2 protein chains.
Amino acid sequence: MRNMNNENEAVPKKAIKRLQIIQAAFKLFTENGFYATGVDLIMRQAGVSKRTMYIYFPTKNDLIVAVLEFYRINYERGLKDLLARNDLSNREKIVAIFEEAGNWFANKQFHGCLAVNAMGEFSGKDPDIENACRVFKTWELDVFSELTKELPVMYPNDLAFKLLVLLEGMGAIAQVMKQPCPIDIKQMVNDLLDGHCVA
Amino acid sequence: MRNMNNENEAVPKKAIKRLQIIQAAFKLFTENGFYATGVDLIMRQAGVSKRTMYIYFPTKNDLIVAVLEFYRINYERGLKDLLARNDLSNREKIVAIFEEAGNWFANKQFHGCLAVNAMGEFSGKDPDIENACRVFKTWELDVFSELTKELPVMYPNDLAFKLLVLLEGMGAIAQVMKQPCPIDIKQMVNDLLDGHCVA
DNA sequence: CAACAGGTAAACAAATCAGTTTACTTTTTG
DNA sequence: CAAAAAGTAAACTGATTTGTTTACCTGTTG
């Protein structure tokens, strides 16, 4: 059985294995934690031999750093469509982000922010992982900053940081409590936005 | 050299070893995570033999549950004096809690909320640990609820939850970013309180 | 066809993990 | 004092960990 799809040939085989490993590791790290997830299981789930794995990722921590980068890129892609919409104001986009996050957090399968979890396991132990976590949170802050800087507010960066605090808080509580959020987050976000608006 | 203090004899030796173990484990779990901390190191730091450890805590997870309870009791004791003061209004106490938390989070040694970190490592794996984490967060919420219920606000429980969201968010960001909080948290808390006040 | 890069499968090494057991010592207490 | 309770130190088990190595296979390409 040869290659059947003669259209759209030349798929970059090179990076396929690497991505398979990252995706399997991402799922396992998210669901079971970093230390608790062994490389043998990752390689089995990825359908890849151990040797291949250690060619792409010389150490497990290298893989963790790559997974955290993947986590951010994945997150970015999920937000892309929303951020690109021109039928929504920046303020509406912010509210929409919290709505989407709220739905995500409400899922029983939610396991908290991977970067926060990684920090809990590797803080003070692996600078590369620490750095990857900070890069992620910095990016999250940048997303909000991009949205608030064109809002009629006095201190857009302060507002962005407050929004991030809100998002983190929701996530952490959802992760631990695993029950629907009893408050109206949308209203809380709107109050925050109103409090900063000069117009 | 016999026992010198003939006054106040009969110190309950029984629970001393147990507490030593919990305190050493608390420190190590906080600084290095749960999976990453081996029982051999805990027992060495506690100055206790392995056998004794396994008499008090048949499994490592039993110890983790005990540490999480200790974490809560410790937290409660740290808040006791503040909550008992009668020269402060409930509103002032809430603000004071955030000020203290802010100072704590600003410390470079801060490693995030132990219950959140535990959830990141044991979510879906150990019901007892999960439960201990939820008990901790429920207690945190109760502290705020006790303070808000006597405030002139419409929905004291909602306000309490929002305060908890704020506290969690600050903690999670501080844990990852490890840099001073760029916003005025006291003002953010006051805004939140003002937004709920009917008077 | 032949060379070769990239892959598999599995055995292996060395360390570490949680937890057990044994033999002995210290401390408390009736 | 003497029995009993609680402790120590250290060897040990068996499973698991990350990471290495060996021998073999496969698809592509000059």
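A quick note: this is a predicted structure, and the numbers were derived from the prediction, not measured.
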Q: Using a cut-off of strictly less than 4.0 Å, decide whether Lys17(A) has a side-chain nitrogen or oxygen near OP1 or OP2 of dT8(C).
A: yes

Q) With sequence neighbours left out, what residues match Phe57(B) under ring-ring contact (aromatic ring centres under 6.0 Å, His included)? A) none

Could you pull out all donor-acceptor pairs under 3.5 Å where a side-chain atom in residues 154-173 of chain A meets a protein atom, sequence neighbours excluded?
{"unit_1": "Lys162(A)", "atom_1": "NZ", "unit_2": "His196(A)", "atom_2": "NE2", "d": "3.4"}
{"unit_1": "Glu168(A)", "atom_1": "OE2", "unit_2": "Lys137(A)", "atom_2": "NZ", "d": "2.9"}

Q: Not counting sequence neighbours, which residues clear side chain to side chain contact (heavy atoms under 4.5 Å, CB included) with Glu146(A)? List them please.
A: Lys149(A)

Q) What is the distance, rounded to the nearest whole Å, between atom CG of Asp62(B) and atom P of dG19(C)? A) 9 Å

(Q) In this structure, would Ile129(B) and Tyr35(B) fall into the same cluster of hydrophobic residues linked by side-chain contacts under 4.5 Å? (A) yes

Q. Counting just side-chain N and O atoms, does Thr52(A) come under 4.0 Å of either OP1 or OP2 of dT8(C)?
A. yes

Q. Separation of Phe122(A) atom CZ from dT18(D) atom P, in whole Å?
A. 10 Å

Q. Starting at OH of Tyr54(A) and ending at P of dT18(D), how long is that distance when rounded to a whole Å?
A. 6 Å

(Q) I need the full list of side-chain hydrogen bond (donor to acceptor under 3.5 Å, both in side chains) pairs touching residues 36-51 of chain B, with sequence neighbours left out, sorted by first then second residue. (A) Asp40(B)-Lys50(B), Ser49(B)-Thr52(B)

Q. When the distance from OH of Tyr56(A) to C1' of dT8(C) is rounded to whole Å, what number comes out?
A. 13 Å

Q | Residue-level proximity of residues 21-40 of chain B to DNA chain C when a heavy atom falls under 4.0 Å | A | Thr37(B), Gly38(B), Val39(B)

Using residues 65-74 of chain A as the side-chain source, report each donor-acceptor pair under 3.5 Å to any protein atom, sequence neighbours left out, with the distance given to one decimal.
{"unit_1": "Tyr71(A)", "atom_1": "OH", "unit_2": "Leu114(A)", "atom_2": "N", "d": "3.4"}
{"unit_1": "Asn74(A)", "atom_1": "OD1", "unit_2": "Arg77(A)", "atom_2": "NH2", "d": "2.6"}

**Q.** Distance, rounded to the nearest Å, where Ile16(A) contributes CD1 and dG27(D) contributes P
**A.** 14 Å

Q. Ile55(B) has an atom CD1; how far is it from atom C1' of dG19(C), in whole Å?
A. 13 Å

Could you go through nucleotides 21-26 of chain D and list every protein N or O atom that sits under 3.5 Å from one of its N or O atoms, giving the distance for each pair?
{"unit_1": "dT22(D)", "atom_1": "O4", "unit_2": "Arg51(A)", "atom_2": "NE", "d": "3.2"}

(Q) Please report the distance, rounded to the nearest Å, between CG in Asn61(B) and P in dA18(C). (A) 10 Å

Q. Under the side chain to side chain contact (heavy atoms under 4.5 Å, CB included) test, which residues partner Ala96(B), sequence neighbours left out?
A. Leu82(B)

Q. Should Leu28(A) and Leu19(A) be regarded as members of a common hydrophobic cluster, given that ILVMFWY residues are connected when their side-chain heavy atoms come within less than 4.5 Å of each other, either directly or indirectly?
A. yes

(Q) With the threshold set at under 4.0 Å for non-hydrogen atoms, list the residues of residues 124-132 of chain A touching DNA chain D in residue-number order. (A) none

Q. What residues, two or more places apart in sequence or in another chain, satisfy side-chain hydrogen bond (donor to acceptor under 3.5 Å, both in side chains) together with Glu76(A)?
A. Trp139(A)

Q) Under the side-chain hydrogen bond (donor to acceptor under 3.5 Å, both in side chains) test, which residues partner Glu92(A), sequence neighbours left out? A) Ser89(A)

Q | With Phe144(A) via ring-ring contact (aromatic ring centres under 6.0 Å, His included) - residues at least two apart | A | Phe98(A)

Q | Spacing between Met53(B) atom CE and dA10(D) atom C1', to the nearest angstrom | A | 16 Å

Q. Given dA9(D), dT20(C), dT8(C), which nucleotide is nearest the side-chain atoms of Ser49(B)?
A. dA9(D)

